[in-house]
Amino acid sequence: MPGPSDSSPAPARASVRAPARRVSVDPQGPVLVEGPVEIVLDDGTVARSDRFMVAVCTCRRSRAYPWCDTSHRCRERGGSPPEDRNPR
């Protein structure tokens, strides 16, 4: 049952909207968020970055979690195998 205060008119909406924060999702990598960013972690602590673009880890392999350190990338060995250093 509505009370007497429910019949009052709704407050006017703010005419100025805050700028939207842009977030880019890469299915093979991190989530890119325009900074500065504050992330509340599972334990309640807050991680903050003042960078203009922040890569947030989604694979949880990062050693710098919640920030991406590219640990999600497949590691490949480059170049050819070393030559035999013991000539006969």
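The first residue in the sequence is number 1, and the count goes up from there.
Once rounded to the nearest 0.5 Å, the distance linking CZ of R73 with SG of C68 reads 7.0 Å. How far OG of S62 is from CH2 of W67: 10.5 Å, rounded to the nearest 0.5 Å.
The two atoms that bring Q28 and H72 nearest to each other are O-CD2, 3.2 Å, heavy atoms only.
Both Y65 and V23 belong to a single network of hydrophobic side chains, linked directly or stepwise wherever heavy atoms of I, L, V, M, F, W or Y lie under 4.5 Å apart.
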Show me the donor-acceptor pairs within less than 3.5 Å that the side chains of residues 29-46 make with the rest of the protein, sequence neighbours left out.
unit_1: E38; atom_1: OE2; unit_2: R48; atom_2: NH1; d: 3.1
unit_1: D43; atom_1: OD1; unit_2: T45; atom_2: N; d: 3.1
unit_1: D43; atom_1: OD1; unit_2: T45; atom_2: OG1; d: 2.7

